[in-house]
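Letters A, B, ... mirror the listed sequences (proteins, then strands); counts begin at 1.
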Amino acid sequence: MSAQFDIAVIGAGVVGSAIARDLSRYDLKVVLLEANTDLGDESSKGNSALMTEGHDTPAGSLERDLVVRGYQRYMTEAPQLGLPMRKTGAIMLAWTDEQRATVEKLVEEVHSEGFHNVHLLEGYEVARRWPQFRPGVLCAQWMPDEIIADPFSTPYAYVLDAVTNGVAFWRPWRVSRAERNARGWRLSNNRGDVLDAGLVINAGGIRADMVESLVGHSDFVMRPRRGQYILLDKPARAIHDIIAYPTPTPASRGILISPTIFGNVLVGPTAEEVEDRDDRGVTEAGLRALRQAIDDMVPSLRGMPVNTIYAGMRPATNHSDYQIIPRFDERWLTVAGIRSTGFSGALGIAEHVMSLVFPNVFDKQPVNPVRGVRVPDLSETSIRPWADPEKIGADPAYTDMLCHCERISVGEVRDALNSPVPPASIKALKRRTRAMFGRCQGFYCGARVQAMFDEAKVKRDA
Amino acid sequence: MRDPKVLIVGAGPAGLAAAAELTKRGVSDILIIDRDDAPGGLPRFCAHPGFGIGYSAIPRFGPEFSARLVRAVEDKNVRILCSTTMTALDNGPAVSITGPECGYRIIKPRTVILATGIREANRGNRMVPGDRPEAGVLTTGLLQQMVARSVPFPAAMKSIVVVGTEHVSFSAIWTAHHAGLKVRMMVDDGPRISSFRPVGWLAKAIGIDIRLRTHVAAIKARDNRVSGIVVDGPRGTETIACDGVVFTAGWIPEVAAVATGPVKVDGQTGGLAVNRAGLTNVPGVFAAGNVLSPLKASGSCAIQGRRVGLSVAKYLGSQS
Ligand SMILES: Cc1cc2nc3c(=O)[nH]c(=O)nc-3n(C[C@H](O)[C@H](O)[C@H](O)COP(=O)(O)OP(=O)(O)OC[C@H]3O[C@@H](n4cnc5c(N)ncnc54)[C@H](O)[C@@H]3O)c2cc1C
Ligand SMILES: Cc1cc2nc3c(=O)[nH]c(=O)nc-3n(C[C@H](O)[C@H](O)[C@H](O)COP(=O)(O)OP(=O)(O)OC[C@H]3O[C@@H](n4cnc5c(N)ncnc54)[C@H](O)[C@@H]3O)c2cc1C
C-alpha cells in the first residue's frame with residue numbers, strides 16, 4: 001500500500017515551505033516533497049533577502065496584495081520564530097534630471113496607493129545623512145520601513161515549524177510522475193516510491209513548469225532570469241549600511257548595494273535572461289556591471305575585499321504577475337511564477353492559498369498548533385553565542401570557535417547537525433549556521449567542518 | 001583566571017619562538033592562546049621538508065618543526081590554551097578572548113604579542129568567474145588540513161590544476177602527490193616561476209604542464225563538481241579538464257580580530273604596522289611573523305618571533 005496524504009506540497013522553496021507551515025495548523029495529513037537533498041536550494045538561496053513592504057510591485061496585481069500581506073505577517077511572526085531582521089530602510093537615488101522626474105513621480109504614486117512612510121529627500125539632505133554616495137545626488141525616495149532579513153533561516157524556520165506540527169518532509173523526493181486516481185493523485189519518483197494525495201500544490205519554483213507538464217498543463221513558460229552578486233567583507237558595512245539602488249528604468253530595476261543581516265555588504269543582482277535555468281555561473285560581464293554599480297553609487301567601496309561571488313535564478317515566467325491557478329475539480333493547485341518577491345510574499349501567498357483551500361476543498365478549521373519553534377539567530381547584530389554568558393555557562397562548546405571568520409562555534413554546528421531537519425550537505429550546513437561563509441571560505445575550518453558533518457551523518461545513517 | 005604578564009596570540013612559529021626567547025630572558029607568566037585545536041600554526045599541516053631554515057640547525061618537516069617549537073616552551077611557566085580565540089583588542093591593552101576553559105572575558109596583560117599568521121586568497125577573494133560547484137575548489141591550506149585531518153576528498157577528485165607557482169604552490173603539489181591526486185597543470189599570471197627555478201624543473205620532470213603568463217578565466221562544473229578550468233594565455237583560450245582546482249598563495253594577513261580596534265594596519269602589505277622593535281601603534285602591543293607582511297618562510301617568522309620576544313623582555317624590564 002502506498003502512503004496516503006490529504007495534501008502533497010511539491011517544492012520546499014520559501015513559498016512551498018510557508019504553505020506547508022500554514023497547512024500544519026489543520027488536522028490533515030500533509031507531505032512536503034523536495035527534489036533536492038535540502039530545502040531552499042533553488043531560487044530561494046541566492047536572493048537579496050529584502051523584506052519589502054510592497055510599494056515597488058505593480059499596483060493592482062495579486063503580487064502587490066500578497067507582498068503587502070506577507071510583509072505584515074513577517075513583522076509579527078518572524079520574531080516568534082527567532083528570525084532576525086533589521087530595519088535599515090531603503091533609498092532610491094537620482095543623479096540626473098530625468099531620474100529626478102521619475103523619483104518625484106514614483107513618490108507621488110506610492111503615496112496615492114497608501115504607502116505613507118515613503119519620503120522625497122532633497123540631495124543635500126541625502127549627502128548629509130549618507131556621505132558615502134557618489135556626489136551629485138539630486139533627490140531620493142527614502143523608504144524607512146524596508147528591512148533586511150535572513151534568507152536561509154526563513155524557509156528553514158517554516159519547514160521546522162511545519163515538521164514540528166506533523167507535516168512529513170520527504171527529501172530527496174523528485175516528483176517525476178503524477179497519475180489521477182479516485183481520491184486525487186498518485187505521485188511517484190524515479191526510485192519507484194509512490195504516494196497518494198487528495199490535493200496537490202505545485203510550488204516547484206524554477207521547475208514549476210516541468211511539474212505542470214506532468215499533468216498536461218502549460219499556462220506559462222519559464223523565463224529564468226539570473227542575478228549575479230559580489231559579497232563584500234564586513235568592514236564595508238562601516239561605510240555603507242542602507243539598502244540603496246538607482247532610479248529604475250523601464251528596462252531594469254538596477255543593481256542594489258545593501259547590507260546583509262550577516263554584517264556584509266551585497267552588490268547585485270544583475271538581471272539576465274538565460275537559456276539554462278541551472279546556469280548559476282558568474283561571468284566576467286556580470287562582474288563588470290557590478291563593479292560599475294559600485295563606482296556609480298558608493299565609490300569608496302571600490303577597494304573593499306571581496307568574500308565571494310555567486311548568482312541566483314529568478315523563477316520568472318512569460319507573465320508578470322504570480323501564477324496562482326486553482327483547479328480544484330482536478331484536485332490541483334499551481335503556485336508559480338513567484339519571480340522576484342517570493343521572500344517577502346511567502347506568508348501572504350500561504351495565507352491566500354489557505355483561503356482557496358479552506359473550506360473549498362477541505363471543510364476544516366485551524367486547530368491549536370505547537371508553538372515555540374525557534375531557529376538560532378544568525379544575525380551579526382545579535383549577541384553571538386560565544387559572548388552570551390548564559391549560553392556559554394550552560395555549555396562551553398559555544399566558546400570553542402570552529403569557523404573563525406564568522407565566529408561560529410562547535411556548539412552551533414553541533415546543534416544544526418542535531419536538528420529534526422538536519423542539513424544534508426555541507427552547503428546546507430553553511431546555510432544553517434553561517435560556518436564557512438566568511439572571508440576565508442574554508443581555508444581555516446573547511447576540514448574540521450567536513451569532519452563534524454561526516455561524523456554526524458554516519459551516526460544518523462546508523 | 002589571573003591576567004598574564006604576556007599574552008601571545010597565535011601558537012605558530014612566530015608566537016612560540018617569542019615565548020621561548022622570553023623564558024630565556026627570565027620572563028615568566030606567559031599565556032599563549034590559539035584558536036585552533038592544537039598548537040603549532042600552519043607548519044603542523046605541512047607534511048613535507050623545508051621548515052625552520054635559519055632558525056633550526058637543520059631544516060625539518062613541518063609538523064616536526066612545530067612540535068620542536070612547542071617542546072621548547074613546555075614546563076617553562078608558559079601556558080598554552082588552545083581552542084581559544086581573540087575576538088577584539090583595545091587600548092590598555094585589553095584583549096577579549098573566548099574559549100571553553102576561560103569562557104568569554106576581557107584580559108589585561110602588560111604586553112601582547114600578535115602572531116596570528118596569514119591565509120591564502122581563495123576563489124571568491126580573487127573573483128574568478130564561472131560555475132560554483134559544491135566540491136573541488138580549494139586552497140593549499142584547506143587541501144593540507146584535509147590530508148592532515150584525514151578528511152576524505154570528494155570521491156570523483158582525481159586530477160587537479162594548481163594556480164600559482166610560489167613555494168607554497170609546490171607544497172600543494174607535494175601534498176597532492178602524496179595523497180594520490182594527479183597534478184595536471186600549474187598556471188601563473190607571471191612571466192616566470194615565483195619559487196626556485198629547480199623546483200619548476202622537478203615539477204616538469206614528473207609530468208606537470210607549467211603555463212606562465214596565463215590566467216584562470218573561469219571554472220567549469222558538472223553535477224556540482226569541477227569538470228575543468230578555462231585558461232587564457234599565450235596559446236589562446238583553452239579548457240583544461242580536471243576535477244579540482246587549488247588556489248595557492250595570494251597571502252592575506254589575518255588581522256580580522258584587531259581590525260575593528262585601534263591597532264594600525266599597513267595599507268601596502270595589509271599586515272600590522274610595526275616599528276623596528278616590533279611594536280605597533282598601541283602601547284604594549286607587539287607583533288611578529290606573517291601577520292606583519294606576507295609571506296616569509298617559517299624560519300624567518302621564528303627568527304622574527306625571537307627578536308620580538310627580546311624586545312618585549314626589554315620593554316618589561318624598562319617598565320618595572
Ligand atoms: C537574484 C534574486 C534576488 C531576489 N531578491 C529578492 C528579495 O530581495 N526579496 C524578495 O522578496 N524576493 C527576492 N527574490 C525572489 C525570491 O527569491 C523568489 O521569489 C523565491 O525564492 C521563489 O521561491 P519558490 O519557493 O517559488 O521557488 P524555489 O525556491 O525555486 O523552490 C521550488 C522548489 O521546488 C522544488 N521542486 C521543483 N520541481 C520539483 C519536483 N518535481 N519534485 C519535488 N520538488 C521539486 C525545487 O527543488 C525547489 O526547491 C530574488 C530572487 C533572485 C533570483
Ligand atoms: C601550504 C603552506 C606551505 C608552506 N611551506 C613552507 C615551507 O616549505 N618552508 C617554510 O619555511 N615555510 C613554509 N610555509 C610558511 C610557514 O607556514 C609560515 O611562514 C609560518 O607558519 C608563519 O608563522 P606564523 O607564526 O607567523 O603564523 P602561523 O603559522 O600561521 O600561526 C598563526 C597562528 O595564530 C592562530 N590565530 C590566528 N588568529 C587568531 C586569533 N584571533 N585568536 C587566537 N589564535 C589565532 C592560528 O590558529 C595559528 O595557529 C608554508 C605555508 C603554507 C600555508
Is [X] close to chain B through its backbone or its side chain, or both, or neither, when contacts mean heavy atoms under 4.5 Å?
{"X": "A/Asp454", "value": "side chain"}
{"X": "A/Ile426", "value": "both"}
{"X": "A/Tyr444", "value": "both"}
{"X": "A/Ile309", "value": "both"}
{"X": "A/Arg384", "value": "neither"}
{"X": "A/Arg439", "value": "both"}
{"X": "A/Asp279", "value": "side chain"}

Query raised in the report: Do A/Trp386 and A/Tyr398 have ring centroids that are under 6.0 Å from one another?
Result: no
Electrostatic pair [X]-[Y], nearest N-O below 4.0 angstrom:
{"X": "A/Glu275", "Y": "A/Arg226", "result": "no"}
{"X": "B/Glu134", "Y": "A/Lys430", "result": "no"}
{"X": "B/Asp189", "Y": "B/Arg213", "result": "no"}

Between chain A and each of [options], count heavy-atom pairs under 4.5 Å; write down the option with the most.
{"options": "B/Gln145, B/Arg149, B/Met146, B/Met127", "result": "B/Met127"}
{"options": "B/Asp131, B/Asp36, B/Thr98, B/Thr85", "result": "B/Thr98"}
{"options": "B/Val137, B/Leu143, B/Ile252, B/Asp37", "result": "B/Asp37"}

Query - Geometric cation-pi criterion, A/Arg432 with A/Tyr156: 6.0 Å, 45° - result: yes
Query raised in the report: Which heavy-atom pair separates A/Arg280 from A/Glu42 by the least distance, and what is that distance?
Result: NH2-OE1, 3.2 Å
Query raised in the report: Is there a donor-acceptor contact under 3.5 Å from the side chain of A/Gln132 to the main chain of A/His240?
Result: no
